[in-house]
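Inspection log for the structure reproduced underneath, given as structure tokens.
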Amino acid sequence: MSNFEKKFGKYAVSSLSMKLVILYIIGYVLYFVRPEIFNYLVLDMTALLNGQFWRVITWLLVPPEVGGNLFFVAIMLYFYYSIGTSLERVWGDYKYNVYIFLGIILTVLSAFLWTLFLRVSGYSGLELATLTRLGAGYFSTYYINMSIFLAFALTFPEAQVYLLFILPIKVKYLGWIDAGFLIMSMISGNSAERFVIAAALLNVVLLFIRSRSWMSLSPGQVRRRQKFRRSVAEGKKSVQGKTSIHRCAICGRTEKDGDTLEFRYCSKCEGGLEYCQDHLFSHVHVKKGETPHMMQR
């Protein structure tokens, strides 16, 4: 990734999340004003191969379905804008561009492979045209958005969102639900759904594989995080167990007797004796075998 970024990073599209949201807004305006125009915009691969080349781009204008409710449209647009800009800030423009454009390319490729699958399945030209026209709606930005959320869950697993604006829940749990939904839809759905969901999941898998050096939740980082947590837990047990780490040679107080207590070793006392801040400058320096005591006042 770094070598390619050095060469092509200057061509990365900045604020890509905002530009995607603008495309969605245009799509929703068309949806409410001229919904029939989508018949000429969707990723119908048969029509595209017959010369309607604009479909390779215009399908990006087909927004995710939200039932025509403007309130949920606004919530959805704000949500995907916020998680997209978060990923842009953490990954950088170039890596975010790679993820989004790779998802777009994989979606177009999945539509082509699905059409090829129908062709080799023995459908006639008329049947093939009908099936690809009916199935073109599945090849939309919906599953790209799902893959964006999975990427967000992998990058910020401990972040919280408020489900229904009330219930706080960590993003990693929603990510598991999202992945489970995609897998179940892939198993129970039709062939078009299987191809486009496979493309979305493949993009996430490729992200996970290539993220070892730049994402917060890579396989190596998971192992290091688990090892660190185990070492911290063992350290807490040792502190809470038999002995204390620090103990004053005069008063016997330890770090357990107060969070504000400080302890220092005396370089002039033999035997490595340690004193609290109250007795560090008021004790008599001792030789090995002698008993520590305070100065006479």
Check: [Y] and [X] side chains under 4.5 Å, non-hydrogen atoms:
X	Y	answer
Leu182	Leu150	yes
Cys266	Leu273	no
Tyr94	Tyr11	no
Arg55	Leu41	no
Val171	Trp176	no
Gln160	Ile169	no
Val62	Leu43	no
Val90	Phe152	no

Check for a donor-acceptor pair, side chain of [X] on one end and backbone N or O of [Y] on the other, with a separation under 3.5 Å.
X	Y	result
Asn145	Tyr80	no
Lys19	Ser14	yes
Asp93	Ala12	no
Arg253	Cys248	no
Asp178	Leu174	no
Arg194	Ile187	yes

Do [X] and [Y] share a hydrophobic cluster, counting only Ile, Leu, Val, Met, Phe, Trp and Tyr and linking them when any side-chain heavy atoms are less than 4.5 Å apart?
X	Y	result
Phe53	Ile37	no
Val196	Ile105	no
Phe101	Tyr24	yes
Leu16	Met18	yes

[X] versus [Y], closest heavy-atom pair with distance:
X	Y	result
Phe139	Ser110	CE2-OG, 3.4 Å
Ile148	Leu87	O-CD1, 3.9 Å
Ser185	Ile197	CB-CD1, 3.6 Å
Ala249	Tyr275	CB-CE2, 3.8 Å
Thr46	Thr132	OG1-OG1, 2.8 Å
Met186	Ala198	CE-CB, 3.6 Å

Does Glu274 come within less than 4.0 Å of Arg247, counting only side-chain N to carboxylate O?
no
Can you confirm if the aromatic rings of Tyr40 and Trp54 lie within a centre distance of less than 6.0 Å?
no
Passing candidate, side chain to side chain contact (heavy atoms under 4.5 Å, CB included) with Leu61, options Ile26, Thr141, Val29:
Ile26
Pairwise distance CD(Glu88) to CG(Asn97) - rounded to 0.5 angstrom
7.5 Å
From Leu128 atom CG to Leu49 atom CG, the distance as rounded to the nearest 0.5 Å:
9.5 Å
If you apply the rule ring-ring contact (aromatic ring centres under 6.0 Å, His included), what do you find for Phe195 with Phe117, and how did you get there?
CA-CA 10 Å; Phe195 274 86; Phe117 167 76; 5.8 Å; yes
Go through it in stages, so that I can follow the logic: the residues are Trp114 and Tyr138, the test is ring-ring contact (aromatic ring centres under 6.0 Å, His included), and I'd like the CA-CA distance, side-chain angles, deciding distance and then a yes or no.
CA-CA 11 Å; Trp114 177 64; Tyr138 291 105; 8.0 Å; no
Run the numbers on Tyr143 and Glu193 for side chain to side chain contact (heavy atoms under 4.5 Å, CB included), then give the verdict.
CA-CA 10 Å; Tyr143 292 107; Glu193 286 181 286; 3.7 Å; yes
Would you please test Leu154 and Val204 for side chain to side chain contact (heavy atoms under 4.5 Å, CB included) and show each step?
CA-CA 9 Å; Leu154 285 171; Val204 177; 3.9 Å; yes
For residues 28-47, the salt bridge (charged side-chain N to carboxylate O under 4.0 Å, His left out) pairs (sequence neighbours left out) are Arg34-Glu36
Fit a plane to each ring of Phe149 and Phe79, take the angle between them on a 0 to 90° scale, and name the class: parallel (under 30°), tilted (30 to 60°) or perpendicular (over 60°).
tilted
Relative to the ring of Tyr28, is the ring of Tyr31 parallel (under 30°), tilted (30 to 60°) or perpendicular (over 60°)?
perpendicular
No-hydrogen, no-angle side-chain donor-acceptor test under 3.5 Å, Ser17 and Tyr96:
yes
